[in-house]
Amino acid sequence: MMKFYVGRYEAVTDTDLIELALGTPIDLWLGQEGESAEERAARRDAGRDIIADDPDLYDRALRVAAGILNDHPHLTALPGTAPQATVAPLRARQSVGNGTTEVAA
């Protein structure tokens, strides 16, 4: 079993890995189900303060998210939907010998 570390911290779950990469909890940005208007306002204020102190966080977060989606495309599937089929890229056209060409799938 492979273990993942960010600095000296072990990432046990995908959420741990994302939070360690960003340096903030995911709930700070996404909120929690059932949060009150006061809790949401406080969370958003904290997020604004963090971004003001670290303006590069937004770019880092986008790179982390893009990397995760690139490495795990199944995460883009909506719950309850069938997984997306993998599409193999077409290979270069090859001459068949009678003047025609074929494209291999």
Side-chain angles (χ1 to χ4, degrees):
M1 179 176 172
M2 184 177 279
K3 293 185 178 186
F4 296 98
Y5 289 88
V6 176
R8 62 182 183 177
Y9 300 100
E10 181 180 3
V12 178
T13 66
D14 290 341
T15 300
D16 291 344
L17 191 61
I18 294 167
E19 289 181 348
L20 287 168
L22 292 175
T24 63
I26 291 176
D27 289 345
L28 175 67
W29 308 107
L30 301 180
Q32 292 182 329
E33 189 173 328
E35 72 182 359
S36 68
E38 271 183 2
E39 291 169 328
R40 181 177 183 196
R43 178 179 56 78
R44 295 177 85 189
D45 285 343
R48 279 191 285 277
D49 290 344
I50 289 170
I51 290 175
D53 290 342
D54 186 0
D56 294 330
L57 178 63
Y58 180 76
D59 289 336
R60 285 198 320 273
L62 285 179
R63 283 194 296 276
V64 168
I68 290 168
L69 293 176
N70 188 49
D71 294 342
H72 305 283
H74 65 279
L75 295 175
T76 61
L78 296 173
T81 62
Q84 294 179 350
T86 303
V87 178
L90 295 176
R91 287 182 267 166
R93 293 178 180 258
Q94 298 175 353
S95 176
V96 178
N98 59 357
T100 61
T101 57
E102 289 182 352
V103 177

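For the single chain, residues carry numbers from 1 onward in sequence order. Since the model is a prediction, treat every value here as computed from it, not as a measurement.
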- Item | Minimum side-chain heavy-atom gap Asp54-Arg60 below 4.5 Å | yes
- Query: Which heavy atom in Leu28 sits nearest to a heavy atom in Gly47, and how many Å separate them?
  - Reply: CD1-N, 4.2 Å
- Message: Can you give me the closest heavy-atom contact between Ala11 and Asp16, atom names plus distance?
- Response: CA-CB, 3.7 Å
- With sequence neighbours excluded, what pairs up with Asp45 under the side chain to side chain donor-acceptor pair (under 3.5 Å) test? Arg48
- The side chain to side chain donor-acceptor pair (under 3.5 Å) partners of Glu10 (sequence neighbours excluded) come to none
- Message: Tell me whether the count of non-hydrogen atoms from other residues, nucleotides or ligands lying under 6.0 Å of CD in Gln32 goes above 12.
- Response: no
- Could you tell me whether the side chain of Asp49 and the main chain of Ala46 form a donor-acceptor pair under 3.5 Å? no
Quick one: pull up [atom1] in [X] and [atom2] in [Y] and give me the separation to the nearest 0.5 Å.
X     : Y     : atom1 : atom2 : value
Leu30 : Glu35 : CG    : CD    : 10.0 Å
Asp53 : Ile50 : CG    : CD1   : 8.0 Å
Trp29 : Thr24 : CH2   : OG1   : 5.5 Å

